[in-house]
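Throughout, a chain's letter reflects where its sequence line sits, starting with A, and its residues are numbered from 1. Because only heavy atoms are used, hydrogens play no part in the values below, and waters and symmetry mates are left out as well, while side chains stay in.
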Amino acid sequence: MSVVSRQTRRRWATVVAATGFLAAVPALLAARPVGAVAMSAHEVVAAAAASAGVPHQGLVQIDASLGLPTLPVVSDETKILSGTTRVRTWWSTSASWRVDTITGTGEEITIADPASTGGGVRQWSFENNSVTDVLYGPAVRLPRADDLVPPQAARRLIGWLGPQDKVLPLGARRIAGVDAAGAELVPGNPAGTIGHIDLWVEPASGLPVQVDIYSRGGTRPVVSSRFLDLDLTRPAPDVLSPSFVSTAQQDSTSEPDLLARVNALGSVPLPDHLGSLRQLTGPAATGLHGIAVYGEGLTRVFVIPLPDRLAGDVYDAVAPGSSVAAGGTRLTVPGGQATVLSTPLLSLAVVSGQRQGGHGYIVVGSVTATALKTAVTALLASP
Amino acid sequence: MIVTQGLTKRFGSVLAVDGIDLQVHPGDRYGFLGPNGSGKTTTVRMLLGLIFATSGSAEVMDQPVPHGLKHALPQIGALIEGPAAYPHLSGRTNLTLIDASGAGTSRRTRRARVDAALEQVGLAGAGRKPAKAYSLGMRQRLGLAAALLRQPQLLVLDEPTNGLDPQGIREIRDLLLAMNAAGTTLFVSSHLLAEVEQLCTRVGVLDRGRLVLQDDLATLRAPTGRVIVHTPDVAAAVGLLDGRVQERDGTRLVVRGLSAEDLVTLLVRDGLRVQEVMAERPTLEEVVLAVTGAGSDRIDSSGDER
Amino acid sequence: MIRVEIRKLMRRPRTWISIVLLCLLPAIVAVLLRVTHLGPRPGEGPAFLSAVLANGTLFPAAALGIVLPLFLPVAVAVIAGDAVAGEASVGTLRYLLTRPVGRTRVLVAKLVSVLVFLFVAVSAVAVTAYVIGTALFGSQPLATSLSGAPLTTAQVVQRTVVVVLYIAWSMIGVASVALLLSTITDSALGAAIGALAALVLSQVLVTLDAANAVKPYLPTRYWLSWVDLFRDPILWSDIERGVLVQGVYVVVLLGFAWANFMTKDITS
């Protein structure tokens, strides 16, 4: 108590109120009601599928917790599937875009450059001080940052939708300042691990602004990709075709990663069915030379035959006693053996066959471990 | 100049200042006396707006404390609980910085003001030494110089002669007296009775937070009506004065009921020799001790400590 | 009052000692790099340190990256923690306030003088690093941005100037914590240590996934975003957020300091 305690109280009240207000600003902004968007779920999906021509630029955050073990040979390439990645993207057309992965002390850039790479991309890596032309755009490769920005990811997943998969309505949500219309994709096959995929699009253009993939029974998305900032204007040409320092190491490759190298292997005969999973042909399997896809809709299994040398590398990595194998189960079936790793979203098996001249396979897909084991058994049993 | 009513400060459960009513008139040389820990410094800080009273009110130079103080403080010079200076800077720089702090001082005349203040307190030659090399007395002088920078109408000085040697004390006292003669009101807080007795015209005595006495020094030291006489002829004098002698101590007698001149006439007429005679006045020490208890640094056991 | 505070600051040996130490640290790193030619691998160690061997004009950025996480905040916490508590402990605060100087003015003047210190210190680091960097490593007409685009020396200098401003402003949150504590305690050291404790807490939380919800509001969250100035095009979004977050910290913490200090009993 003192002769100034009233002023003291008033001052503290002012300061505490101002602090409270400032602290509440983000919450208040987030709590603004989202405007109603008059788009049905099917309209959302159709608009997203047709959004490849929508020019835009923005900042994207990808949160993934796939829980894949680090396979030594592909650890750099699969980094994006675990943890948070920030990406900025500029998109003019399918043939003219740029995606930068931002790291604390560097940057990796992928630029569409179909003219000089035969449909491939050009990549800059600050860490390696290198510019690499990835020629011809290999049809099979590990996911890159540009595959995971919402528009690209959404269009790919929608392309996989099958007749059994359901499209359900989903409430609108504010994403990067946009009142976005939603749709929920639910796989129909009970063997699948994907619970549902939530998708939101900017209603006027149909540009997907957020994609969340949930595992079956999961309450948090295993992969979530969303725009933090979005600007629906066409990016400037000099941003889309930046110049790189002349001191950078110049390179070109047509096999940027393990899968692409496998792809060059040529085709190995594979069975039409793996248990209940049917091999997809025609448009659904487009471009996957040497690699077979089984399943339906969003529930898919990829069978990737490995050349002997690579099979040994990968198999050693998952062999008993290695750190990766600790979480996996070993499977011995007539005709070979396998190590099966399962995560909430993906199951992966490294298979070493004894017959057929010792071929190895990687079998990976959005199916349960049980379904994958059935598929591996069927694979090794096939003639 | 300073008026307080029921000014009270409580620190937690400790009552530091307990309802004091000060009255300092313009032109006073007010001595604020009290043992260490009696609440003098707390009172001074309250008057200057450094500490806020728990209750009661105060006015300094007709401005309410604390809200009107900003109008009064520019005319007040203060020395609060010892001087303070930035140790790595010279005395002159310290004064320059203090002078530049706060509004209302002209930059052009700053140098002259600082020189004048240093001159006044006798530090003109030491203005360039860093303050950490100063002796206690020099620091005290520097603190006074800071208080004098603005030719204050009111000087509030807490223990102003602390650390000074006798010549220094004399010098400062003369300076303060001269300033008072020129119209500056002095409010000097001290635990040194002699200092206050020599300097002040009015005293307030603080004891354990309470103002136990406040009066003009002249009133407090008014003659008691008794006369003190020193005579070598003690026995004859006692006989002659016949029962008017109240105290006898060697050649010193305390006599009641006679004025000094009558007493001298009486003694001399009878051929008794008189060495010294004077009307008895109480000393300030006697006045103060009569109204105060033990100092707060003395702790007596109290009943409930068993 | 602000001018007086700046003069006080500039006349303190401590101010210059801390600036010299801040400049010395990158200089030591530069000499070691020059002698051993062992740069960190790109992507490891402080940003740009790997690129310095090839182009000395990038050394100011690397030097700021070296002092930013620890040494600069320590210097700022010491200076700001001393602001009010230091005056209180030598006893000059009571003379300042009876001068009179309004208590709000004291706070604002102290904050501004700390800000001036920050700009002087960060600029000094950048300038000495430029001199040392170009002297030891030479300069190339073009430097490599994180995005691979070449940067002319003029562009590098321009961006470094913006980095200086951003880093100085980034420290203002720590300075405000120290200033607030400085009005609460009379111990300058206590205030500085308190501010550093808050800083360490923030740094720990930034690395913790469990703290994701509060991360955007942590004072150190956007400290390293100055690197975004060396991208092409520049990525402004985190820098804008960083400036805003620090601004909010200044307002809130100075508000608390003000509410506490205005009617605080000055017993020092």
Using non-hydrogen atoms and a 4.5 Å limit, figure out which bit of [X] sits close to chain C: side chain, backbone, both or neither.
X	value
T96(B)	side chain
P87(B)	side chain
F11(B)	side chain
A85(B)	backbone
N94(B)	neither
T93(B)	side chain
L89(B)	side chain

Proximal component of [X], with respect to chain B [non-hydrogen, under 4.5 Å]:
X	answer
S268(C)	backbone
L96(C)	side chain
R94(C)	both

_Toward chain C: residues of residues 130-145 of chain B with heavy atoms under 4.5 Å_ = none
*salt bridge (Lys or Arg N to Asp or Glu O under 4.0 Å) between K9(B) and D265(C): does it pass, once the steps are laid out?*
CA-CA 11 Å; K9(B) 180 64 187 182; D265(C) 285 341; 2.6 Å; yes
*asked:* Taking every non-hydrogen pair under 4.5 Å, which of T42(B), L48(B), I98(B) racks up the most with chain C?
replied: I98(B)
*asked:* Please identify, among R105(C), E5(C), R12(C), the residue contributing the most non-hydrogen atom pairs under 4.5 Å to chain B.
replied: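 Option with the top pair count is R12(C).
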Less than 3.5 Å apart, which donor and acceptor atoms pair up between the side chains of residues 19-28 of chain B and the rest of the protein, not counting sequence neighbours?
residue: D21(B); atom: OD1; partner: G6(B); partner atom: N; Å: 2.6
residue: D28(B); atom: OD2; partner: H25(B); partner atom: N; Å: 2.8

